[in-house]
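Only one structure is covered here, and it is reproduced in the block below.
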2 protein chains.
Amino acid sequence: MDKSEQLALSGEHFTAVYHLCGTHEQAAKRARDICVEQTVEFPDELIEREDIKEQIIGRVARLESIDDGIYRADIEFPLEVAGEELPQLLNVLFGNISLKPDLRLVDIELPRSLSRIFRGPRFGRDGLRQIVNVANRPLLATALKPMGLSPKELAHLAFQFALSGIDVIKDDHGLADQKFSPFNERVERCSEAVSRANQQTGQHCIYMPNITASSEQVIPRARKAKACGAGGVLICPGLTGLDTMRAIADDDSIALPILCHPALYGAFSTHRNSGISHGVLYGQINRLAGADATIFPNYGGRFSFTTDECRNLVDGTIRPMGDIKPIFPVPAGGMSLNRISELVAFYGRDVILLIGGDLHRHGPDLAANCRKLLALVRA
Amino acid sequence: MDKSEQLALSGEHFTAVYHLCGTHEQAAKRARDICVEQTVEFPDELIEREDIKEQIIGRVARLESIDDGIYRADIEFPLEVAGEELPQLLNVLFGNISLKPDLRLVDIELPRSLSRIFRGPRFGRDGLRQIVNVANRPLLATALKPMGLSPKELAHLAFQFALSGIDVIKDDHGLADQKFSPFNERVERCSEAVSRANQQTGQHCIYMPNITASSEQVIPRARKAKACGAGGVLICPGLTGLDTMRAIADDDSIALPILCHPALYGAFSTHRNSGISHGVLYGQINRLAGADATIFPNYGGRFSFTTDECRNLVDGTIRPMGDIKPIFPVPAGGMSLNRISELVAFYGRDVILLIGGDLHRHGPDLAANCRKLLALVRA
């Protein structure tokens, strides 16, 4: 080997924390396996260069029992292995080992240098509060649905919601660019309806159209939303790729708050001892990728998240991560008006409550139902 | 409602098949739930428009017991609900219900009209065989690794592999654009090395650099690969988003075969009764998204796929899907020379055998090891 090829990495690292199932011996073996699998992916003993062994392969910084048959392993990876790109960071954190059962990514710790490369949310909690001009209470959100309504009907719904105290109106995440609801017409009509309502109320309700689309169309749709005066965008990074959301967040010509929907995410989080923890996936990773608010299925709704999982998730939205801002948790999925006081007690004021179908359940006067919701939240 | 808003969908549908756990009654309820959750996502009884109930909501076409406590549900979704975009098709197939445990997507049937919108692989099995000029035997592939080697050293490896009978040389999927292995320099040097070897041998080995990158960089890297004369590209759609791979496949200015790596995919497939089946995920979905060959961890290697899962996966690479071509299965992950005859017996001739570390294990003469592999495959 040419001497000039010798590695001279900085020695800086980021840390991934995993839960591993098994005996201590098995856990130690698996921890070491992760160090190799996620970097050189090559038999240790066949690596000729000592500098690669020393500088590229991950390092088990800590291994301890946390529960019967479950160990916590803190693994340090060299900063340079992640390059300066989010997909490669994800690859190191969970790429190949996603294919191995009984291990779960439960925490990420990034050095400040990485949290500068990944700028995270443009607005975060404080920025989004300023935009909707609500300082102290939980924000209220709802969705335009059901799929099948025309843009004109959706705009009519949006107008009523905006007139009646809702802060954030999002497209249902199934509204894409279908013939019965073309994206352009929908975003034009709904943005206009919400602006018109804001002029009447003096409030700052925002409409967030769903820009989840083919890879060629995501940026144009975000620009269209901006041009129409939409106050933000909704995106499903599980469908578009996480880095597409990051690109929207980083684009100064768009500069709109991002609400992130968990479509396809469930496969990562529904099994307790594998996948990625709620705090890391819905919290830390979505923050890294630029979401300002993260939708998830609330405990006790029509999905299966537990209160502990929701707490872990909220922790991931606010846990210190260098310069990366905290974001809003957005519990959703079978939320109902009669649970508002319980939900506010659980989540506190820093939450966006996303109530869909149930707003329609309390009689035909949507505006009255929204005002009832607002009164409940203020109480 | 304005009469002109009345839906008039085509009546064409696509079908998703799920395995559901539980009693017959539970399975029937869950099947119905999927129909609603994946379309209107709104309480049935609150939908005022009969045309939406009739035309937008999915329909259970069949429900039958297939095993103790497991039911098969065939659900038909209206074609127009998927729009004409892959992310929305994925959303309907598995978006929200990924968040619900104990159900698994096990088959997709698309009408010919959809398989025309999604053109799938540009080359497929036959096209790739023509490119590497190998008509009848399994193709041989290896990876440039370990991470940490310089572009010059990787090119030296590539040259040896190409000179010795390997058909497909791919970057290790962890090689991105790190300081120690910048993408541009790597693709220039390795493409040149493989061309030079091909001139000596008269063969048609291809080099597939890893273009997995930030969303702004994937297309430029694919173009750079093309400009350097690389014979194909490697991409991890779990990291970039599936539709990014589809965009590369559809881009006439790139027109290179695509090898698809399963980083992050494991979360979808490792639990038997949830997620997405091997045949659908690694086979059908990757085909829809334009892969020409699909890498997966072989049974009996250092991952945990079973022989049944590998068989199901291979079925997904070739199962009839309208105009969408069959693609190559690429078993990998702890493959060894001494299993070649077993693997050829299992997979037949239509396979790409991806052997990484083990090629380095049989003595220091890489070229001799490659020739040994080729002889084993020809035998």
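Letters A, B, ... mirror the listed sequences (proteins, then strands); counts begin at 1.
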message: Minimum heavy-atom separation for Ser98(B) and Thr270(A), please, with both atom names.
response: O-CG2, 3.9 Å
message: Which one wins on heavy-atom pair count under 4.5 Å against chain B: Ile47(A), Leu93(A), Asp172(A), Ile276(A)?
response: Asp172(A)
Side chain to side chain, Gln88(A) and Asp177(B), heavy atoms closer than 4.5 Å: no
query: Between Pro43(B) and chain A, which part of the residue has a heavy atom less than 4.5 Å away: side chain, backbone, both or neither?
result: side chain
- prompt: What do the steps show when you test Gln55(A) against Phe180(B) for side-chain contact (heavy atoms from CB on, under 4.5 Å), and what is the final call?
  reply: CA-CA 11 Å; Gln55(A) 295 184 50; Phe180(B) 49 78; over 6 Å; no
task: Please look at His271(B) and chain A and tell me whether the side chain, the backbone, both or neither of the residue comes under 4.5 angstrom of a heavy atom of that chain.
output: side chain
- request: State, yes or no, whether a side-chain contact exists between Glu85(B) and Thr212(A) at a heavy-atom distance under 4.5 Å.
  value: no
task: Return the option, out of Val92(B), Thr39(B), Asp33(B), Leu90(B), with the maximum number of heavy-atom pairs under 4.5 Å with chain A.
output: Thr39(B)
- prompt: Is it the backbone or the side chain of Leu46(A) that comes under 4.5 Å from a heavy atom of chain B, or both, or neither?
  reply: side chain
query: Are the side chain of Gln178(B) and the backbone N or O of Gly83(A) linked by a donor-acceptor pair below 3.5 Å?
result: no
message: Does any backbone or side-chain atom of Phe305(A) lie under 4.5 Å from a heavy atom of chain B? Answer side chain, backbone, both or neither.
response: side chain
- prompt: When rounded to the nearest 0.5 angstrom, what distance separates NZ in Lys179(A) from CG in Leu9(B)?
  reply: 9.0 Å
Where Gly266(A) and Leu99(B) come nearest, the two heavy atoms and their spacing: CA-CD2, 3.6 Å
query: Checking Val81(A) against chain B: side chain, backbone, both or neither under 4.5 Å from a heavy atom?
result: both
Chain B contact via Glu37(A) - which portion, at a heavy-atom distance below 4.5 Å: side chain
query: Of all of Gly241(B), Ala267(B), Ser181(B), which one pairs up most often with chain A through heavy atoms under 4.5 Å apart?
result: Ala267(B)
query: Quick one: are Ile56(B) and Pro146(A) in side-chain contact, heavy atoms under 4.5 Å?
result: no
- request: Return the option, out of Ile57(B), Asn96(B), Asn210(B), with the maximum number of heavy-atom pairs under 4.5 Å with chain A.
  value: Asn96(B)
message: Quick check on the interface: out of Pro237(B), Cys236(B), Gly357(B), Ala213(B), who has the most heavy-atom pairs with chain A under 4.5 Å?
response: Ala213(B)
query: Got a second to check how far Asp250(B)'s CG is from Ser215(A)'s OG, nearest 0.5 Å?
result: 9.0 Å
message: Are there over 12 heavy-atom neighbours, none belonging to Arg361(B), within less than 6.0 Å of that residue's CZ?
response: yes
- line: Distance col, row Leu264(A):CG vs Leu242(B):CG, nearest 0.5 angstrom, shows 8.5 Å
query: Can you tell if the side chain of Arg246(B) reaches within under 4.5 Å of the side chain of Ser214(A), non-hydrogen atoms only?
result: yes
message: How long is the straight-line distance from CD of Glu48(A) back to CD of Glu153(B), given to the nearest 0.5 Å?
response: 9.5 Å
query: Just how far is it from atom NZ of Lys145(B) to atom CD1 of Ile52(A), taken to the nearest 0.5 Å?
result: 12.5 Å
message: On a heavy-atom basis, which atom in Gly174(B) and which in Asn91(A) lie closest, and how many Å separate them?
response: CA-ND2, 3.8 Å
- request: Indicate the atoms forming the closest heavy-atom contact of Glu216(A) with Ala247(B), along with that distance.
  value: OE2-CB, 3.6 Å
task: Name the member of Lys100(A), His156(A), His173(A) that forms the most heavy-atom pairs with chain B at distances under 4.5 Å.
output: His173(A)
Met147(B) CE to Glu80(A) CD distance, which is reported to the nearest 0.5 Å: 11.5 Å
task: Examine whether an atom of Thr244(B) lies under 4.5 Å from a heavy atom of chain A, and if so say whether it belongs to the side chain, the backbone or both; otherwise answer neither.
output: both
field: Proximity breakdown for Ala176(B) and chain A, heavy-atom pairs closer than 4.5 Å
entry: side chain
